[in-house]
Amino acid sequence: MKLNLSRREFHLASAHMLLASSAGTLLLGASGPAAAQARSVKLGTFGAIDAQNYIRAKNMATKTFGAGTSADFVTVRAGSEVIAAMAGGSLDMCNIGSSPMMVGYANGLKASMVYVYKNIVDSECLVVQGNSGITTVAGLKGKKIGLPFNTSVHFAAVAALKTAGIGLADVQLINMRADQIASAWQRREIDASYIWVPVLPRLTDDGGKIIFKTGDLNKNNLLIFDGLLVRDEFKQKSPDLVLAFLKDYEQIARTFKQEPKEVVETMTKFLNVDEAAVMRSLNTFYPVPAREQLQSHWMGKPGEKDTGVLKTLQTQAQFLLESAQISAMPKDLSGLVDSSFVAKMAA
């Protein structure tokens, strides 16, 4: 099955490939055994408070991947960019929401999720205008809800509405980029928004009231998460580099929770953001240890079929099909989930 990319996504992939080729040319300029043995990893980052940027800020790439490996960090802005770059072979690993991950897989992208990057609990919420009088999801009937389509919040919003007995015909979902929502909110053009940090606190600071958190979907056995997606070719050629990153990620995740002051100091300087922004990210960051991911509630053991992650992906694929974001249901979702690395970490 071929990967169907839009013209924008194709040009984006091509641009990333050009950058990767330029970097590769520098390596090829070397000669002798060192050039032949040189390895590289292209690691995506959303330019946020994440493990990848922490590695960059602390100059840990050599420690993580070894002296013989060059680490290139590729900044992306959306899940669709991750999929396009991986399709072009210019990105090896990146955290990504389950919705764009599923779209890529359904369109033939040869990549798999090897780790639950984080559990989404309260970093993505449904917020309403403070003077609207709305206190429950059911109260949104007939209202305008701004959110970015084809994302985890889109899926969560539809699921939240369904739990309240509200159909898509009962509300007006408006597709907006995350950076457009705050201004639309201030102009009172929307009654509500389902959005993530750091946009979310801008809405609550402007009188918004949170009426639903993504973590509330757990009651309905739906897990909303970011996963670490890895190109299958890279995973097969360099499994040691994938495992090295995951091991360091677990240590960094502990640092995020146990040493927030150090993380705030590091990331405010590196990203040039204020301390409050870093703390908001840390306070809504919920890692899932490898041992826990091996449980059936999450990824389960290698080859396990009846897992929480696979059930959620199945539900999400159905949602994407019904909303015409994919043209057909994937025949076997198990190819998207690889818990072998988690099993090695938990051994």
Side-chain angles (χ1 to χ4, degrees), residues 4-13 15-16 44-50 52-53 74-87 91 94-104 107 117-118 120 122-129 140 143-161 168 171-208 210 212-214 224-226 229 271-273 277 280-281 284 316 319-320 323-326:
N4 299 316
L5 296 176
S6 67
R7 180 175 296 180
R8 174 182 177 277
E9 289 171 331
F10 175 80
H11 286 305
L12 178 66
H16 278 304
T45 171
F46 282 83
I49 315 302
D50 57 25
Q52 296 91 299
N53 272 331
V74 180
T75 300
V76 292
R77 297 165 297 177
S80 59
E81 294 187 3
V82 174
I83 298 303
M86 283 195 176
L91 187 61
C94 191
N95 55 301
I96 184 174
S98 55
S99 184
M101 182 195 308
M102 176 56 67
V103 171
N107 283 296
Y117 193 90
K118 66 177 180 180
I120 298 176
D122 54 4
S123 59
E124 299 180 357
C125 297
L126 179 56
V127 58
V128 299
Q129 295 282 1
L140 288 169
K143 303 300 183 180
K144 297 178 180 179
I145 307 171
L147 73 169
F149 281 14
N150 309 332
T151 62
S152 57
V153 293
H154 189 189
F155 174 57
V158 173
L161 292 169
L168 294 183
V171 297
Q172 185 177 350
L173 294 183
I174 303 174
N175 187 15
M176 293 181 171
R177 295 198 316 267
D179 59 3
Q180 296 176 318
I181 287 177
S183 57
W185 179 272
Q186 291 171 350
R187 293 192 298 268
R188 305 303 185 246
E189 294 173 352
I190 52 178
D191 303 296
S193 176
Y194 209 130
I195 195 59
W196 47 66
V197 172
V199 179
L200 179 62
R202 295 176 63 183
L203 307 189
T204 55
D205 288 347
D206 190 24
I210 292 173
F212 192 88
K213 300 177 181 178
T214 290
I224 309 298
F225 53 84
D226 281 354
L229 191 67
L271 294 175
N272 193 28
V273 295
R280 279 195 297 265
S281 292
T284 55
Q316 188 144 41
F319 158 71
L320 292 168
S323 57
Q325 295 173 59
I326 60 175

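Residues take their numbers from the sequence shown, with the count starting at 1.
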Query raised in the report: Are there more than 12 heavy atoms of other residues, nucleotides or ligands under 6.0 Å from atom CZ of Arg202?
Result: no

Query raised in the report: Are any of the side-chain heavy atoms of Trp185 and Val127 separated by less than 4.5 Å?
Result: yes

**Report entry** Other residues, nucleotides, ligands: >12 heavy atoms within 6.0 Å of Asn272 CG
**Finding:** no

Query raised in the report: Just wondering, do Leu126 and Leu147 contact through their side chains at under 4.5 Å, heavy atoms?
Result: no

Query raised in the report: Which atom names give the shortest non-hydrogen contact between Arg187 and Glu189, and what distance separates them?
Result: NE-OE2, 2.7 Å

Report task. Mind telling me whether Phe155 and Phe319 have parallel, tilted or perpendicular rings, with 30° and 60° as the class edges? Result -> tilted

Query raised in the report: Side chains of Glu124 and Ser152: does their closest heavy-atom pair fall under 4.5 Å?
Result: yes

Query raised in the report: When rounded to the nearest 0.5 angstrom, what is the spacing between OG in Ser99 and CE in Met102?
Result: 9.0 Å

Query raised in the report: If you round to the nearest 0.5 Å, how far is CG of Asp122 from CD1 of Ile210?
Result: 8.0 Å

Query raised in the report: How far apart are the closest heavy atoms of Gly146 and Met176, and which atoms are they?
Result: CA-SD, 4.2 Å

Query raised in the report: Can you find a pair of side-chain heavy atoms, one from Ser80 and one from Asn150, that are under 4.5 Å apart?
Result: no

Report summary line: Separation between CG (Leu229) and CG (Leu91), nearest 0.5 Å, reads 8.5 Å

Query - Euclidean distance, Leu203 CG relative to Gln186 CD, rounded to 0.5 Å - result: 8.5 Å

**Report entry** Note, Phe46 side chain near Thr75 side chain (heavy atom, < 4.5 Å)
**Finding:** no

Query raised in the report: Which pair of heavy atoms, one from Val199 and one from Ala178, lies closest together, and at what distance?
Result: CG2-O, 3.7 Å

Query raised in the report: Rounded to the nearest 0.5 Å, how far does CG of Asn95 lie from OG1 of Thr45?
Result: 7.0 Å

Report task. Please name the pair of heavy atoms, one in Ile96 and one in Gly79, separated by the smallest distance, quoted to 0.1 Å. Result -> CD1-O, 3.7 Å

Report task. Grab the two heavy atoms, one from Gln325 and one from His154, that are nearest each other, plus how far apart they are. Result -> NE2-CE1, 3.6 Å

Query raised in the report: side chain to side chain contact (heavy atoms under 4.5 Å, CB included) with Ile145: which of Asp191, Ile195, Ile190, Leu173?
Result: Leu173

Query - Heavy-atom side-chain proximity of Pro148 to Ile181 below 4.5 angstrom - result: yes

Report summary line: Test side chain to side chain contact (heavy atoms under 4.5 Å, CB included), reference Tyr194, set Thr151, Leu200, Thr214, output is Thr214

Report summary line: Rounded to the nearest 0.5 angstrom, the CZ-CG distance for Phe149 and Asn175 is 4.5 Å

Query - Heavy-atom side-chain contact between Leu271 and Asn53 under 4.5 Å - result: yes

Report task. Quick one: closest heavy-atom pair of Met86 and Cys94, and the distance? Result -> CE-N, 3.8 Å

